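Numbered from 1 within each chain, the chains take letters A, B, ... in sequence-line order. In this text the structure is predicted, and so the values were computed from the model without any measurement.
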There are 4 protein chains.
Amino acid sequence: MMAEEPRWRRRKEDRPGDICAAALQVFAEKGFAGARIEEIARRAGLSKGTLYLYFPTKEAVFRAVVRDAVAPNIEVIRQTVLASDQPFDELVRMLLPRVAEIITAVPLGAVLKMVVGESRNFPELAKVWHDDVVLKAVTILSDAIENAQDRGEVRPGDSRIHAFSLVGPMLLGVLWRETFTPVGAAEIDLPAIARQHAETVLGGLSIAEKAG
Amino acid sequence: MMAEEPRWRRRKEDRPGDICAAALQVFAEKGFAGARIEEIARRAGLSKGTLYLYFPTKEAVFRAVVRDAVAPNIEVIRQTVLASDQPFDELVRMLLPRVAEIITAVPLGAVLKMVVGESRNFPELAKVWHDDVVLKAVTILSDAIENAQDRGEVRPGDSRIHAFSLVGPMLLGVLWRETFTPVGAAEIDLPAIARQHAETVLGGLSIAEKAG
Amino acid sequence: MMAEEPRWRRRKEDRPGDICAAALQVFAEKGFAGARIEEIARRAGLSKGTLYLYFPTKEAVFRAVVRDAVAPNIEVIRQTVLASDQPFDELVRMLLPRVAEIITAVPLGAVLKMVVGESRNFPELAKVWHDDVVLKAVTILSDAIENAQDRGEVRPGDSRIHAFSLVGPMLLGVLWRETFTPVGAAEIDLPAIARQHAETVLGGLSIAEKAG
Amino acid sequence: MMAEEPRWRRRKEDRPGDICAAALQVFAEKGFAGARIEEIARRAGLSKGTLYLYFPTKEAVFRAVVRDAVAPNIEVIRQTVLASDQPFDELVRMLLPRVAEIITAVPLGAVLKMVVGESRNFPELAKVWHDDVVLKAVTILSDAIENAQDRGEVRPGDSRIHAFSLVGPMLLGVLWRETFTPVGAAEIDLPAIARQHAETVLGGLSIAEKAG
DNA sequence: AATGAATGAGGATTCATTCAT
DNA sequence: CATGAATGAATCCTCATTCAT
């Protein structure tokens, strides 16, 4: 326990972060329209009026939540991929479990659900996510794939579709967990999916292994 | 076009279908909470009050839309899989493009988005989809996979995760198309994904090919 | 049983009466605003549209119901009172049970409730009831009382208040029955009230008895 | 009057009372269904939305109005009756004018009208009124009557019907005033009714007087 | 800065009334 | 005459946003 930090002493510079964290929970549970500003405020430990000192509108809170979930994670992926000059199969065997870890640690699934669900109401958010997260991630992957193709490690084919083949099952797992596990579906073991799918997909992508 | 259709004629039987079709559009665009009954009614070519002759609440319309999207499609998958006593790789080469076709023909992507986006607000719909669509589809697939494993056609491993490996990229493609294409992302060629991913994933699942 | 009268052969001249009878039930149960035209039509055995062939508005139906309940009953009272040249105490001993009978036979209580409950929304109905029913009844009574006072049969005092003393308990009984018996209150035996109250009130009104 | 009262000040505690007072007026005028929340709010000096900070539904407001009219008044009656060890005729001569006073001072007539008019739509309110107001009042009275009968002061007979004989005319007067006076009927002088009816009914109920 | 009472625009739902058949 | 599908005005209620304290 921390030394009895009085509620009113919470440093104001933490507020936006607190609000975003609370809002993420609520938006993920209720969707944008179903979320109530008052509940976000309550979970952030402040009053409705105070929340409006930090964000001008509910939409602004939503945008902040979705944008904030962008930056930290994409960088991790980039580092992981770029730093590696190892063979493609090694990269994949490391990358997929890493993605599973990240997805489990941060509420990426919840945000993804929000982006998918509200993409028509907030097209500019879908755009930000596309441009700054998804496209970047796919590009990093497909670049790596093309390099591996050039090196003869990966079978020919559209590198972007190969990227879908790599990460699609992981995404499916995340959405499954967010959507169906709360209503009684079996638990999803993301790391297990990562490990087994890595082997499955590599079996097909790695020409070397087959040729052997 | 018919010549000067009267403002309304007795077509009670067509109404529910018209309403569901219009509602699917609007719900897919705006989400449940963002959809306005009046707009659904207008797109269905009738007035607000008339819609309420056929559905008691907005929720009832939503449920009808989501439930109606269930029945017709799952059966197609089952027929495709069960009817085949062909080798596993043939099945997959036929199945994935078939799925791509279905997804393209009917608005399954839109409904899927709705189910994912509103699963917390309508858990019983998520449950129906899980029980009647997703679980059935996965079970059909994993049964086929287990049979193929028994016959030595497919490498060992959790059959459900193998099923994820099979269809995950297709689902990712659908959601991508629903979410990002409207905001400027590249078009998604589902049949191309189906063809290429079939080869990719089979390369790994088919022990025979490797052994050869 | 009558010889199978087909529904569609119901003579149209009966319709207004059928509608009023059905409407009386529904208005008494739900009040004016709570009553639905469709339910009135259904109970009258016809469709909503058909009802509008006989009455232009819901208000018109309500007015007809309340007015129709006026005529038949006030006349009975008048006859009973005027026809009697018997002593006052005989009159009362006959009149109160007669009122109890009428009230029990026709749904006067229900209409009374409606008049009381909707008097502010339909002041002209309250006026009709006041002018044509209540005031007449009171006048008939107070005239009889004044005559009896002149004959030395009834103690002095405001004749209208004496009339209240005569009929008040009966009215209380009717409203009690309409209001509280449906929610579990004891049954009200109107004839018993009539008999006992007649003796009670006469004991006071009849100077002769006391003087003797 | 206070000088220039600010548009609003913190007066959360006064609100429910203000709202109930305004609602009583409006419900009495229009009935439950005819009353508009916005008008209640306006008469209470606040906006529609503010009213909903204090009551969750229109029904809740109605219930509060009716229930609030219960408590204060029944106690007065009980005290009046219980405190008296005077002869029965003295009690009645004191009680009826007391009832007339109460009815005149508080809007009991309006509430009674509401209870009668809406008893079918709000049976639980009719029950509360029956159990907590009417039955108690009647029981208090009939107990007093039975005691008086035991002492030989009151003629035999069903004590509850005797109670009706006592208070029926007063109730009739109240409802008359609520219903017919607004449409042009003569004013009702409740105290006069109380005084004259007390003498009238006692003349009959008091054996002593007659025997003498 | 913080609060929370107050506001009112917005949207779901009802139901009297109309009218094509 | 009879029907019942269709309409839309009316009203309850919600909740993002404001603002006096």
Side-chain angles (χ1 to χ4, degrees), chain A residues 7-12 15 32-42 45-61, chain B residues 6-15 33-41 45-61, chain C residues 7-10 12 15 32-42 45-61, chain D residues 6-13 15 33-41 45-61:
Chain A
R7 203 178 316 168
W8 53 267
R9 264 282 281 88
R10 290 259 292 292
R11 287 137 314 181
K12 61 173 182 290
R15 287 288 168 75
F32 175 76
R36 317 249 189 92
I37 281 286
E38 186 146 33
E39 183 167 9
I40 294 173
R42 181 160 35 79
L46 31 78
S47 76
K48 207 171 17 163
T50 306
L51 186 147
Y52 275 90
L53 296 176
Y54 296 92
F55 294 92
T57 65
K58 185 184 179 183
E59 285 199 16
V61 179
Chain B
R7 191 154 113 260
W8 67 257
R9 16 169 214 166
R10 211 73 58 90
R11 32 176 209 154
K12 196 180 199 300
E13 312 75 34
D14 301 342
R15 294 295 196 208
R36 275 181 277 159
I37 279 285
E38 192 149 23
E39 183 167 7
I40 294 174
L46 32 79
S47 76
K48 207 177 12 163
T50 304
L51 187 149
Y52 279 94
L53 295 178
Y54 298 93
F55 295 91
T57 62
K58 186 182 176 184
E59 282 200 20
V61 179
Chain C
R7 203 178 319 167
W8 53 267
R9 264 283 281 85
R10 288 260 293 290
K12 61 174 182 290
R15 287 288 168 75
F32 175 76
R36 317 246 189 95
I37 282 286
E38 188 147 30
E39 184 167 8
I40 294 173
R42 181 160 34 78
L46 31 78
S47 76
K48 207 173 14 165
T50 306
L51 187 149
Y52 276 90
L53 296 176
Y54 297 91
F55 294 92
T57 65
K58 185 185 181 183
E59 285 199 17
V61 178
Chain D
R7 191 152 113 259
W8 68 259
R9 17 168 213 164
R10 212 72 60 94
R11 33 175 210 155
K12 197 180 198 301
E13 313 76 32
R15 294 294 196 208
R36 275 181 278 160
I37 280 286
E38 192 149 24
E39 183 167 8
I40 294 173
L46 32 78
S47 76
K48 205 178 14 166
T50 305
L51 187 149
Y52 280 95
L53 295 178
Y54 298 93
F55 295 92
T57 63
K58 186 182 174 183
E59 283 201 19
V61 178

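Of all non-hydrogen atoms in B:Lys48 and B:Ala41, the two that sit nearest each other are N-CB, 3.8 Å. Across all their heavy atoms, C:Phe32 and C:Lys58 have their closest contact at O-NZ, 2.9 Å.
Of all nucleotides listed (F:dT3, E:dT3, F:dT7), F:dT7 comes nearest to the side chain of B:Thr50. Between E:dA6, E:dT17, F:dT3, one nucleotide has an atom nearer to the side chain of D:Leu53 than all others, and that is E:dA6. Across F:dC13, F:dA6, E:dT18, the shortest atom-to-atom separation from the side chain of D:Thr57 is found for F:dC13.
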For DNA chain F, the dot-bracket pattern of Watson-Crick and G-U pairs whose distances stay under 3.5 Å, | for other-strand partners: .||||||||||||||||||||
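Of the two residues near DNA chain E, B:Ala33 and A:Lys48, the one whose nearest nucleotide lies more 5' is A:Lys48. Of the two residues contacting DNA chain E, namely D:Ser47 and A:Gly49, the nearest-nucleotide position lying further toward the 5' end is that of A:Gly49.
One finds the CD1 atom of A:Ile37 at 8.0 Å from the OG1 atom of A:Thr57 (value rounded to the nearest 0.5 Å).
Residue B:Arg15 places at least one side-chain N or O under 4.0 Å from the OP1 or OP2 atom of F:dA6. Look at B:Tyr52 and you won't find any side-chain N or O under 4.0 angstrom from OP1 or OP2 of E:dC15.
Taking atom CZ on A:Arg42 and atom P on E:dA2, their separation rounds to 19 Å, with Å as the unit. Computed from coordinates, the D:Glu38 CD to E:dG10 P distance equals 15 Å when rounded to whole Å. One interatomic measurement links the two molecules: CD1 of B:Ile37 to C1' of F:dG8, which rounds to 15 Å at whole-angstrom precision.
Under the side-chain hydrogen bond (donor to acceptor under 3.5 Å, both in side chains) criterion, C:Glu38 pairs with no residue, sequence neighbours left out. With sequence neighbours excluded, the residues forming a side chain to side chain contact (heavy atoms under 4.5 Å, CB included) with A:Ser47 are A:Thr50, listed by chain and number.
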